[in-house]
*Asks:* 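I'd like to ask you about the structure that follows.
In what follows, every chain begins at residue 1, and chains take the letters A, B, ... in the order their sequences are listed. Keep in mind that what you see is a predicted model, and the values were worked out from it rather than measured.
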Amino acid sequence: MQLAVHEDDADVLLQQKNKLDDKVLDKYRVAGKVVQSGLKYIINLINDSYHLGTNKPLSSQEICYLGDSYLARLLAKVYNNDVKEKGIATPVTVEVNDIVGGFSPEIDDETPYIFSVGDIVTVSLGVQIDGYTANVSHTIVIYPQGHQVDSKPAPEGPLVGANADAICAAHIATESLVALLGLAMSPEKVPTVLGTESGKITGSQIRLLVDTIAAQYNCVVVPDSKVRRIRRFLAGQAEGIVAEKDFKGVVWTERDQELGLLKNANATGDLVLAEKSKAPTATTTSVIPTDDFVVFAGEVYSIDIRMCSIGSFEEPGIITLDEIDQFTGKNNQENQFSTRPTIHIRDYAVHHQLRLKSSRKLLGQIDKRFTVYPFKLSYVSDSFPFVDGDVETHLEGAKKEVQQLKLGLSELSNRRLVRSRPVQVARFVPLEKILLTDNTTGRHGIDAEKPVLPGLEVPLPKLGISSLKLKSLLKHSKSVPVARESCTIVLNEVNNDVIRLSGSGAANPSWVHSQYQLTGAMADTVNQLSTMMKDKRFGINIKETRPYREGKEEMDMN
Amino acid sequence: MPSRNSINKPSKKIQSKSHAMSLGKRRAARSKSVVATRSSTSRYNTETKTAPRPTDSKAIALYTGSSPDTAVVTNRTLSKKRAKKIARNQKYVQQRNGTAPDMDMDNEVATETQIQRVKDSLWELIRAKKADSSAGLAPAVGEGTTLGVQAF
């Protein structure tokens, strides 16, 4: 269904409301501040539980609930009369090792999701104020406890190995991308390696930079990583459900890995030719992502890079994502991880007269409070958020409320009024198994559960492997841990500076050591980019958004 | 079945049929103008870049919503059976006229398909990796990379 919006209204909504004036910048900045504080809060929670031992180890579901509550508490203090909508744009997700996205267990989940030493844990969250969104993800390491340096608890040594490679690659790629996108304001300073005939920052330069960094750390960019422009209410929260006109961004999928493998195999000619590439254009009306776009000052970008190391595998292969649901592996694999999705989003294209009173009530609340942003059931409960008092008793009450709300939700999701975001894990499928398989149905086998962007439905087009066929090959696959770093930046053309809404200050990298390092021309390029970030006289003026000071949020807000 | 003019004509049936038809027309018109999404089928949205669904009709001469201005619009579809029959009769006509293409199997040249070429080159990659497990990997050089500090 297409919602009827008059052209003039569309112009107001898509163009004028996205102009970065003082009011808009302020909303972005406050959203960034809340996100940074939330990230810091959650990292402190994890540290207290697993490193300092000051409280009992919190499970994933408790961390998610407390993190969401903290964000809700901060949001309640800002923009109370000026905006119609504000809220959590990405529910707090705490993902361990190979879990890639959408894992935010509900508080009534009985499974104890406790971390163990050596795990890499990715924390993601996001906040919107009046539709202006800031998101962040950061990967941290769980170290063994008990070591002290200068009578302060500290890790005994850095994390090494495949996970460390992935963390390094993700961190370096993200930081370099912040600098590269920041150069959109002064494109003449772009390092020569990335090619600057046009004097512009284009999608292909972004891809080249990330792919080269990944290759030097023996990593692969995990599918669904993306660097994309975000606009008011269009921050990629409904990707795979609603197609977005004028999509502008680089998206990594399995097809890029296929192309990379073909290039490694020294295939020539039409085999390695990418899809017909046009000259980069200023505007694109397509919903299908291409690299043929130019980054302009005055835009807001979200950088979301996920890396996993393939150095330890004996054979070449493809990294793909597997959707976990409560049915997977129920046949005979009892030890397999299974969970049900907990993050839901309203699909406004669907209308249905509901039967149950509880679902009608729930739908009313969802439409009113969360609009186009994803939500969890616990947000709807009356006891949310946790403010103060005894955590244990509060969580017990919240559990009961969530269980009651589930009843209403089932009708909503059966009727497709709300869609769930699947929990995804990263899997390594050996190339040999893919080559041995036969895909007779061609492109017809599309996996309806997989949230993909339009035009990218077929994961391996050159081999003619459809997504359902690839899913059937997952029985031969192995899990791979994934490191993820993401942040949101504003290219502010008025003051000629980059406002980094999230990441950096609140997301310091954990202590890791990789045996690889950048070499050759790319090492110089990355060094050059990081030098430019250090001082505005060298190139880019980066303004970082700081979290609220601990216990002094009130003061900071005034 | 009673006719349209009889006293007990199936008015409800007639009405619901015309109602369904008008709904179908409106749906087709709407889908034509809509942005290509995963949920838009190629039946109603012919310009879409999305891949065909297994449920999409494979019938020949199906009315797809777009028509040249001069032609007469039809919504009649050709059944598989009828399409086969027409093709078979065409073949007989060609044979009678002596214009049939050479059906001799021996003359067929074995052409390597694109997918086979892709697969062959990727098998090379697997062989190379089996021979040398470090093939295609970046070597560990220098001191490596260290991030972060010794603190939580």
*Asks:* Counting only non-hydrogen atoms closer than 4.5 Å, does A/Ile172 touch chain B with its backbone (N, CA, C, O), its side chain (CB onward), both, or neither?
*Replies:*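 Contact with chain B involves the side chain of A/Ile172 alone.
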*Asks:* Can a donor-acceptor pair be found, under 3.5 Å and without considering hydrogens, that links the side chain of A/His513 to the backbone of B/Thr145?
*Replies:*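 Flag set: sc A/His513 to bb B/Thr145 pair under 3.5 Å.
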*Asks:* Identify which part of A/Glu432 has an atom lying under 4.5 Å from any heavy atom of chain B, answering side chain, backbone, both or neither.
*Replies:*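 Contact with chain B is through both the backbone and side chain of A/Glu432.
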*Asks:* Specify which of A/Pro153, A/Ala164, A/Ser514 makes the most heavy-atom pairs with chain B at under 4.5 Å.
*Replies:*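 The residue among A/Pro153, A/Ala164, A/Ser514 with the greatest pair count is A/Ser514.
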*Asks:* In Å, rounded to the nearest 0.5 Å, how long is the span from CD of B/Gln114 to NZ of A/Lys462?
*Replies:*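 Here the rounded value is 7.0 Å.
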*Asks:* A quick test of your reading: do over 12 heavy atoms of other residues, nucleotides or ligands sit less than 6.0 Å from CD of A/Glu156?
*Replies:*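 No - once you tally the heavy atoms of other residues, nucleotides and ligands closer than 6.0 Å, there are 12 at most.
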*Asks:* Under 3.5 Å, side chain of A/Asn218 to main-chain N/O of B/Leu137, donor-acceptor pair present?
*Replies:*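 A pair under 3.5 Å: no.
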*Asks:* Below 4.5 Å from any heavy atom of chain B, which atoms of A/Leu52 appear? Answer side chain, backbone, both or neither.
*Replies:*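 Looking at A/Leu52, just its side chain touches chain B.
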*Asks:* Show the nearest heavy-atom pair for residues B/Ala138 and A/Ala215, with the distance to one decimal.
*Replies:*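 Looking at all heavy atoms of both residues, the shortest contact is CB-O, 3.7 Å.
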*Asks:* Write down the atom of B/Ala140, the atom of A/Gln515, and the distance for their closest heavy-atom approach.
*Replies:*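 Taking B/Ala140 first and A/Gln515 second, the nearest heavy atoms are CB-OE1, 3.4 Å.
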*Asks:* Using a cut-off of under 4.5 Å on heavy-atom pairs, state which of A/Leu262, A/Leu159, A/Ile434 scores highest against chain B.
*Replies:*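 Greatest number of close heavy-atom pairs with chain B: A/Leu262.
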*Asks:* Please classify the contact of B/Val141 with chain A as side chain, backbone, both or neither, using a heavy-atom distance under 4.5 Å.
*Replies:*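 Both parts, backbone and side chain.
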*Asks:* What pair of heavy atoms forms the shortest contact from B/Ile126 to A/Pro316, and how long is it?
*Replies:*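 So the two residues come closest at CG1-CG, 3.9 Å.
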*Asks:* Pick whichever of A/Ala265, A/Pro509, A/Cys168, A/Pro155 has the most heavy-atom pairs under 4.5 Å with chain B.
*Replies:*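 It is A/Pro155.
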*Asks:* Within the 4.5 Å heavy-atom criterion, are A/Lys152 and B/Gln150 side-chain neighbours or not?
*Replies:*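 Side-chain contact under 4.5 Å: no.
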*Asks:* Over all heavy atoms of both residues, which pair between B/Ala151 and A/Ala154 is shortest? Give the atoms and the distance, please.
*Replies:*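 Answer, listing the atom of B/Ala151 first, then A/Ala154: CA-CB, 4.4 Å.
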*Asks:* Could you tell me which portion of A/Glu258 (side chain, backbone, both or neither) has an atom closer than 4.5 angstrom to a non-hydrogen atom of chain B?
*Replies:*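 Looking at A/Glu258, nothing touches chain B.
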*Asks:* With a 4.5 angstrom heavy-atom cut-off, which part of A/Asn508 approaches chain B: side chain, backbone, both or neither?
*Replies:*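 For A/Asn508, no heavy atom lies under 4.5 Å from chain B.
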*Asks:* Given that the side chain runs from C-beta out, which part of A/His51 has a heavy atom under 4.5 Å from chain B: side chain, backbone, both or neither?
*Replies:*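 For A/His51, heavy atoms of backbone and side chain both lie under 4.5 Å from chain B.
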*Asks:* Do B/Thr146 and A/Trp511 touch side chain to side chain, with heavy atoms closer than 4.5 Å?
*Replies:*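 Contact flag for B/Thr146/A/Trp511 side chains = yes.
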*Asks:* Other residues, nucleotides and ligands only: do more than 12 of their heavy atoms fall within 6.0 Å of CZ on B/Arg82?
*Replies:*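 Check fails, neighbour count at 12 or below.
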*Asks:* Which distance, rounded to the nearest 0.5 Å, do you find between the CD of A/Gln145 and the CZ of B/Phe152?
*Replies:*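 Rounded to the nearest 0.5 Å, the CD-CZ separation comes to 7.0 Å.
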*Asks:* Does any backbone or side-chain atom of A/Pro158 lie under 4.5 Å from a heavy atom of chain B? Answer side chain, backbone, both or neither.
*Replies:*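 When you check distances to chain B, no heavy atom of A/Pro158 falls under 4.5 Å.
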*Asks:* With a sphere of 6.0 Å drawn around NZ of B/Lys119, does it hold more than 12 non-hydrogen atoms of other residues, nucleotides or ligands?
*Replies:*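 It does: B/Lys119 NZ has more than 12 such atoms within range.
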*Asks:* Taking every non-hydrogen pair under 4.5 Å, which of A/Leu261, A/Leu456, A/Asn264, A/Ile310 racks up the most with chain B?
*Replies:*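 Looking at each of A/Leu261, A/Leu456, A/Asn264, A/Ile310 in turn, A/Leu261 comes out on top.
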*Asks:* Taking side chain as everything from C-beta outward and backbone as N, CA, C, O, which of these in A/Val512 sits under 4.5 Å from a heavy atom of chain B? Side chain, backbone, both or neither.
*Replies:*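 A/Val512 touches chain B through backbone and side-chain heavy atoms alike.
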*Asks:* Near A/Gln148 CD, under 6.0 Å, is it more than 12 heavy atoms from other residues, nucleotides or ligands?
*Replies:*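 Yes - once you tally the heavy atoms of other residues, nucleotides and ligands closer than 6.0 Å, there are more than 12.
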